[in-house]
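All residue numbers in this chain count up from 1 along the given sequence.
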Amino acid sequence: MKKPTLLSPAEAGVCALLAPVPNVAQGIVRRAVLTTPGLRLTLFHFAAGQELSEHTSKARALVQVLDGTCDFSVGGTVHRLQPGDLLHLPPGMPHAVQAPEAFSMLLTQITESAAESAAVGG
């Protein structure tokens with residue numbers, strides 16, 4: 001059975017993004033916050049030393065660092081992100097993440113068709 005998201009797409013709601021996560025000595029914990037046809041919000045918690053190798057996504061992405069710091073490589077340039085930083089990734093942009101310390105981030109992914117629909121309707 002698929003785990004439910006923290007928020008329902010059909011109802012107003014609140015979730016605590018900074019709530020403590022069960023202590024994981026190593027690994028990456030991922031939790032779906034909200035999923036709709038054109039939008040996906042995912043909360044990530046990285047243990048120190050973890051990384052995601054370089055990859056791309058078809059979606060436009062916004063990364064918001066909530067706690068800790070990370071090294072985010074975008075197209076070969078490394079950015080040290082800290083709480084409060086927002087990173088924009090256009091679709092297809094190669095990127096990778098390294099966690100020199102434990103950190104948490106909120107990833108917002110928007111499909112271009114959803115963004116185009118919002119622009120036409122707005």
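- Sorted pairs that involve residues 6-16 and meet side chain to side chain donor-acceptor pair (under 3.5 Å), not counting sequence neighbours, are lacking altogether.
- Among all heavy-atom pairs drawn from E51 and I28, the shortest one is O-CD1, 4.0 Å.
- Under the rule for a side chain to side chain contact (heavy atoms under 4.5 Å, CB included), the partners of P83 that lie at least two apart in sequence or sit in another chain are V65.
- Counting heavy atoms from C-beta outward, E54 and P94 have side chains that approach closer than 4.5 Å.
- Side chains of L6 and R31 form a contact here, defined as non-hydrogen atoms less than 4.5 Å apart.
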Checking side-chain contact (heavy atoms from CB on, under 4.5 Å) for the pair L106/V33: CA distance, chi angles, key distance, verdict? CA-CA 9 Å; L106 180 65; V33 175; 4.1 Å; yes
Kindly list each side-chain donor-acceptor pair under 3.5 angstrom involving residues 38-48, sequence neighbours excluded, with atom names and distances?
| residue | atom | partner | partner atom | Å |
| --- | --- | --- | --- | --- |
| R40 | NE | Q109 | OE1 | 2.9 |
| R40 | NH2 | Q109 | OE1 | 3.0 |
| H45 | ND1 | S104 | OG | 2.6 |

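- For T69, the side chain to side chain donor-acceptor pair (under 3.5 Å) partners are E101, not counting sequence neighbours.
- With contacts defined as side-chain heavy-atom distances shorter than 4.5 Å, the pair H55/H95 qualifies.
- Distance check, rounded to the nearest 0.5 Å: CD of Q64 to OG1 of T108 gives 5.5 Å.
- For residues 74-87, the set of pairs meeting the side chain to side chain donor-acceptor pair (under 3.5 Å) definition, not counting sequence neighbours, comprises D71-R80.
- Cluster partners of V14, using a side-chain heavy-atom cutoff of under 4.5 Å among ILVMFWY residues and allowing indirect links: none.
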Hey, mind stepping through L66 and M105 against side-chain contact (heavy atoms from CB on, under 4.5 Å) and telling me if it holds? CA-CA 5 Å; L66 304 173; M105 70 178 199; 5.6 Å; no
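- As a member of the Ile/Leu/Val/Met/Phe/Trp/Tyr network built from side-chain separations under 4.5 Å, L86 groups with L62.
- V78 and V97 are not part of a single hydrophobic cluster, where members link through side-chain heavy atoms under 4.5 Å apart.
- Between Q98 and C70 there is no side-chain heavy-atom pair separated by less than 4.5 Å.
- Nearest heavy-atom pair across L7 and L34 is O-CD1, 3.7 Å.
- Of all heavy-atom pairs spanning T56 and G92, the tightest one is CG2-O, 3.5 Å.
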